[in-house]
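What follows is a short report on a single structure.
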Amino acid sequence: MTSITRRHFVQGTAALALGGLAATPKRAHAAEFTFKYGNDIPATHPMTVRMKEAAAKILEESGGRVEIKLFPNNQLGGDTDMLSQLRSGALEMFTLSGNILSTLTKPTSLYGVGYAFEDYKQVWDAVDGEMGKYMRGVISKLGIHALDKMFDNGFRQITTGTKPIQTPEDLKGFKIRVPVSPQWTSLFKSLGASPTSINFSEVYSALQTKIVDGQENAIQLIEIAKLYEVQKYVSVTNHMWDGFFFLINGRAWAKLPPALQDIVAKNVNAAAVKEREDLAKLNTVSEEKLKKAGMIFNKTDSAKFRAVLAASGYYKEWKNTYGAEAWALLEKYAGPLG
Ligand code: X2X
């Protein structure tokens, strides 16, 4: 292939990856490395949008050698399925909440401790700093490579179809969906609720059929996933910040020559940074859209919820589980807990 035809080839496939072409031209050559990337959020979420752009750049900068195919919105199955696929190598790339990854090894949910972080400054200092490095080290022992930058999944708020959550008492026995994660289940049990683990792929229908009465997520995703169609109240609790690790099957990663690893890492990390900015900008927009769709917002006093958690022994239990070293890292960024 001459350099000119290669450029045309690359432009053509980049446009394809962006969904810009109606017809699929026959590719002259398959890419040397073709990776599937799966996630659990819609194609319109900034994480998918930025990953689409990153995939196009990676194809171009690698001279057509690395192609990443996107499978957003649980097309490959729910998070639990995709995690198995990632481990077996059937799926090479996957963005997953560290809280869910913690079904394999607890310390990846360290950042998910309830009411730990107060704002984004604390969050990014922690996960871009020493605490993030610690968690990525834990992930590498699973034979999974985690790239440096986490994508933002936002501070989480509780939605319900029945009543606003004003105080911890309102959570007593409340049937709430949580992701499949020991940290999430423990958090809501400790708050007195009755949590059920359900993958995000099933959340809309679980709310619609009233298997659960509520769920919790960041308002950007509540809006993008149209949960306002099946929920009425948004109680602003900010009970947890969540993010996605960009995970790569270790064997697939090891097969990539270092120069190509650099191209992938550079572009995906840049996509994460842009996605964080996108989500920040979306925050007020999503709130307005949800209000327009008829959702009713209320504020809560986080000190009251924190006090219930402390009294239940939640912080003590997790300090024991994670161990002193990890807990010290968390408190370094979040301040004293418990
Ligand atoms: O499952 C969820 O609620 C989601 C989409 O926020 C996560 O991936 C943790």
Side-chain angles (χ1 to χ4, degrees), residues 37-51 71-86 91 93-104 108-114 116-117 123 127 135 139 146 150-160 175-188 193 195-208 211-228 230-231 234-235 237-247 272 275-276 278-279 282-283 286 290:
Y37 159 65
N39 73 33
D40 66 356
I41 40 107
T44 51
H45 187 283
M47 181 162 73
T48 316
V49 174
R50 293 299 184 183
M51 271 310 299
F71 297 87
N73 210 22
N74 299 295
Q75 282 173 39
L76 302 176
D79 280 329
T80 309
D81 290 331
M82 285 191 279
L83 181 56
S84 306
Q85 293 163 23
L86 180 82
L91 174 64
M93 295 174 160
F94 179 32
T95 35
L96 182 65
S97 162
N99 290 311
I100 301 176
L101 185 60
S102 82
T103 51
L104 301 179
T108 62
S109 64
L110 184 59
Y111 71 77
V113 169
F117 295 116
V123 166
V127 303
M135 292 185 290
I139 295 171
M150 288 184 84
F151 285 78
D152 188 15
N153 189 20
F155 276 89
R156 298 175 81 91
Q157 324 300 350
I158 299 174
T159 69
T160 89
K175 283 197 287 181
I176 187 165
R177 171 271 171 174
V178 294
V180 182
S181 152
Q183 177 51 255
W184 251 299
T185 302
S186 163
L187 174 60
F188 278 91
T196 306
S197 304
I198 300 174
N199 279 308
F200 195 64
S201 49
E202 308 294 332
V203 165
Y204 186 99
S205 67
L207 293 167
Q208 193 173 38
I211 289 171
V212 286
D213 296 324
Q215 65 88 45
E216 44 80 61
N217 250 300
I219 57 172
Q220 296 92 335
L221 186 56
I222 295 167
E223 198 273 313
I224 290 167
K226 296 189 164 60
L227 298 187
Y228 53 82
V230 287
Q231 295 281 269
V234 181
S235 300
T237 47
N238 288 309
H239 55 274
M240 178 205 278
W241 171 80
D242 188 42
F244 296 102
F245 281 110
F246 194 94
L247 306 175
E275 186 260 2
R276 296 175 184 183
D278 295 339
L279 233 64
L282 261 188
N283 200 56
S286 299
L290 290 176

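All heavy atoms count here, side chains included; hydrogens, waters and symmetry mates do not. Counting starts at 1 for both ligands and their atoms, following the listed order.
- Of the protein's non-hydrogen atoms, the one nearest atom 6 (O) of ligand 1 is Asn217 OD1, 2.7 Å.
- Nearest residue to atom 4 (C) of ligand 1 from Ile198, Asp242, Asn153 is Asn153 (criterion: closest heavy atom).
- For a threshold of 3.5 Å applied to N or O pairs, the pair formed by Ser97 and ligand 1 contains no separation below that value.
- The side-chain contact (heavy atoms from CB on, under 4.5 Å) test with Phe244 singles out one residue from Leu101, Leu96, Asp40, and that residue is Asp40.
- With respect to Thr108, the side-chain contact (heavy atoms from CB on, under 4.5 Å) criterion is satisfied by exactly one of Asn99, Leu247, Ile100, Ile139: Ile139.
- Listed by number with element, the atoms of ligand 1 under 4.0 angstrom from any heavy atom of Phe244 are 8 (O).
- Among all heavy-atom pairs drawn from Thr48 and Ala43, the shortest one is CB-O, 3.6 Å.
- The N/O atoms of Asp40, backbone and side chain alike, include one that comes under 3.5 Å of an N/O atom in ligand 1.
- With a 4.0 Å heavy-atom cut-off, ligand 1 is reached by the side chain of Arg156 but not by its N, CA, C or O.
- Contact annotation: for Arg177 versus ligand 1, heavy atoms closer than 4.0 Å belong to the side chain alone.
- Within the 4.0 Å heavy-atom criterion, the part of Leu221 lying near ligand 1 is the side chain and not the backbone.
- Contacts of Phe151 classified as ring pair (Phe, Tyr, Trp, His ring centres under 6.0 Å), with partners at least two apart in sequence or in another chain: none.
- Applying the ring pair (Phe, Tyr, Trp, His ring centres under 6.0 Å) test to His45 and every residue at least two apart in sequence or in another chain returns nothing.
- Residues Gln231 and Thr159 share a closest heavy-atom pair of OE1-OG1, 2.7 Å.
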